[in-house]
Amino acid sequence: MSIFTAPAFDSHELVTFGRDEATGLRAIIAVHSTALGPAVGGCRMFPYATEDEALHDVLRLSRGMTYKSALAGLPFGGGKSVIIGDPRKDKTPALMYAMGEFVHSQGGRYVAAEDSGTGVADIRLMAERTPFVSGMDDNEFGGDPSPSTAWGVFISIRAAVKHRLGQSDTKGIRVALQGLGHVGYYLAKFLVEDGAQVIAADVNQANVDRAVADLGITAVDPGVILTQEADVFSPCAMGAVLNAQSIGQLRVGIVAGAANNQLATETDGAQLKDRGILYCPDFLINAGGIIDVHHQRIGSADTVKRAHIDHIEETLAQVLQQADATHRETNLIAESLAEEILKSARDRALAA
Ligand code: NAD
């Protein structure tokens with residue numbers, strides 16, 4: 001992969017590679033921007049087929065974190081890290097210690113938190129080697145920010161339903177949910193409690209069984225979740241699910257989910273718009289987790305944290321209104337809003 005010309009590079013401040021022979025660690029840390037503060041972002045562990053794939057992923061995720069934190073009004077920049085490996089087979093305490101040392105070597109410019117393939121226990125191991133970690137303090141969910149992410153996505157679905165269908169709750173709304181992991185499970189719970197009808201799929205049967213038993217959702221095969229006829233499609237598994245092929249198959253009016261980088265390419269936002277599908281930008285609506293991490297760091301009361309997460313709804317409403325008024329794609333409007341916030345921060349820094 002050529003780095004400097006890659007669209008995902010987008011003037012990253014730092015991209016660094018970590019290798020530890022003894023533990024088998026192969027990791028990349030990407031810091032897109034520290035204009036608003038240290039780059040806080042998840043540490044993902046995934047069995048990437050190639051190093052290029054890992055690099056592409058970390059660059060896109062890191063840039064998304066810059067926008068996410070800016071729109072959420074957080075004093076954080078944007079960064080991310082990836083560990084190349086299968087979390088079910090390759091993850092050991094020694095590997096997480098080595099990752100902690102790699103994070104520490106960046107001197108606090110990057111602060112790691114949990115992500116797909118890592119959890120609170122892994123972050124606690126890293127914390128034995130570096131103070132530059134977050135998202136492991138006790139909160140009402142034992143430190144896991146995923147329920148907060150799920151709440152932010154839930155209120156965003158509700159806001160999108162209101163915007164599109166004029167209904168102020170999700171009662172009777174059909175939601176096709178892809179992925180019943182840390183976020184998807186809680187999102188299904190909030191939806192079911194609000195009266196929505198949840199049809200869901202996961203490649204991990206244990207996660208399906210748990211959601212069916214606890215919440216009474218309807219399970220379908222992972223291969224057909226994307227083509228379900230529903231009001232909302234909610235991607236909560238992996239990125240790049242919205243591409244030239246899949247967008248043509250969607251049978252929903254709204255897409256709103258937790259997964260990062262749902263659009264395979266920037267132009268896929270235009271495709272969704274052309275099909276009349278209302279897309280709620282992922283980096284705007286899945287910010288609940290990073291907001292939770294921030295409030296864990298500063299020791300806020302749960303009510304303060306919840307009020308901050310609830311603000312996502314207002315920002316989304318602003319984006320949807322601007323999209324209606326300007327006929328532009330929602331993802332581009334959300335990016336422009338974030339860029340304005342970053343520009344103001346840079347201007348303030350220059351003036352100081
Ligand atoms: P997770 O790994 O706990 O859950 C993902 C689930 O998706 C797993 O149960 C997995 O089996 C399932 N899955 C994988 N491939 C699938 C497929 N093809 N079809 C159906 N299911 C599939 O991860 P998570 O923490 O729940 O996060 C979900 C998504 O949201 C990720 O993209 C993550 O980056 C993003 N996200 C998470 C948070 C958070 O707070 N955890 C915050 C922001 C964004």
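Counting starts at 1 for both ligands and their atoms, following the listed order.
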Using a 3.5 Å cut-off on N or O atoms only, is [X] in polar contact with ligand 1?
{"X": "N286", "result": "no"}
{"X": "A237", "result": "yes"}
{"X": "H182", "result": "yes"}
{"X": "M238", "result": "no"}

Judged on heavy-atom distance to atom 6 (C) of ligand 1, which of D282, D202, D115 sits nearest?
D202
Options A258, A287, A206, ranked by nearest heavy atom to atom 36 (N) of ligand 1, top entry
A258
Which bit of [X] is near ligand 1, meaning a heavy atom under 4.0 Å away: side chain, backbone, both or neither?
{"X": "Q205", "value": "neither"}
{"X": "A201", "value": "backbone"}
{"X": "N207", "value": "side chain"}
{"X": "R44", "value": "side chain"}

Protein contact to [atom] [nearest heavy atom, distance to 0.1 Å]:
{"atom": "atom 37 (C) of ligand 1", "result": "V183 CG2, 3.8 Å"}
{"atom": "atom 40 (O) of ligand 1", "result": "T149 OG1, 2.7 Å"}
{"atom": "atom 2 (O) of ligand 1", "result": "S116 OG, 4.0 Å"}
{"atom": "atom 4 (O) of ligand 1", "result": "G181 CA, 3.3 Å"}
{"atom": "atom 41 (N) of ligand 1", "result": "S146 OG, 3.1 Å"}
{"atom": "atom 5 (C) of ligand 1", "result": "C236 O, 3.8 Å"}

Has [X] got more than 12 heavy atoms of other residues, nucleotides or ligands less than 6.0 Å from its [atom1]?
{"X": "E229", "atom1": "CD", "answer": "no"}
{"X": "Q245", "atom1": "CD", "answer": "no"}
{"X": "K273", "atom1": "NZ", "answer": "yes"}
{"X": "E51", "atom1": "CD", "answer": "no"}

Do I217 and I225 share a hydrophobic cluster, counting only Ile, Leu, Val, Met, Phe, Trp and Tyr and linking them when any side-chain heavy atoms are less than 4.5 Å apart?
no
Identified side chain to side chain contact (heavy atoms under 4.5 Å, CB included) partner of R109 from the options T34, I29, T16:
T34
Would you mind running through ligand 1 and noting each atom that sits below 4.0 Å from a heavy atom of [X]?
{"X": "V203", "result": "11 (O), 13 (N), 14 (C), 15 (N), 16 (C), 17 (C), 18 (N), 19 (N), 20 (C), 21 (N), 22 (C)"}
{"X": "K68", "result": "43 (C)"}
{"X": "G179", "result": "7 (O), 21 (N)"}
{"X": "N204", "result": "11 (O)"}

When you compare the side chains of T265 and D268, does any donor N or O come within less than 3.5 Å of an acceptor on the partner?
yes
For the student: nearest non-hydrogen atoms of I312 and G288, plus distance
CD1-N, 3.8 Å
Residues forming a ring pair (Phe, Tyr, Trp, His ring centres under 6.0 Å) with H294, sequence neighbours excluded
F76
Donor-acceptor pair, distance only, cut-off 3.5 Å: does the side chain of R275 make one with the backbone of L250?
yes
Any donor-acceptor pair under 3.5 Å from S146 side chain to V183 backbone
no
Near-ring test W151/F190, centroid separation under 6.0 angstrom:
yes
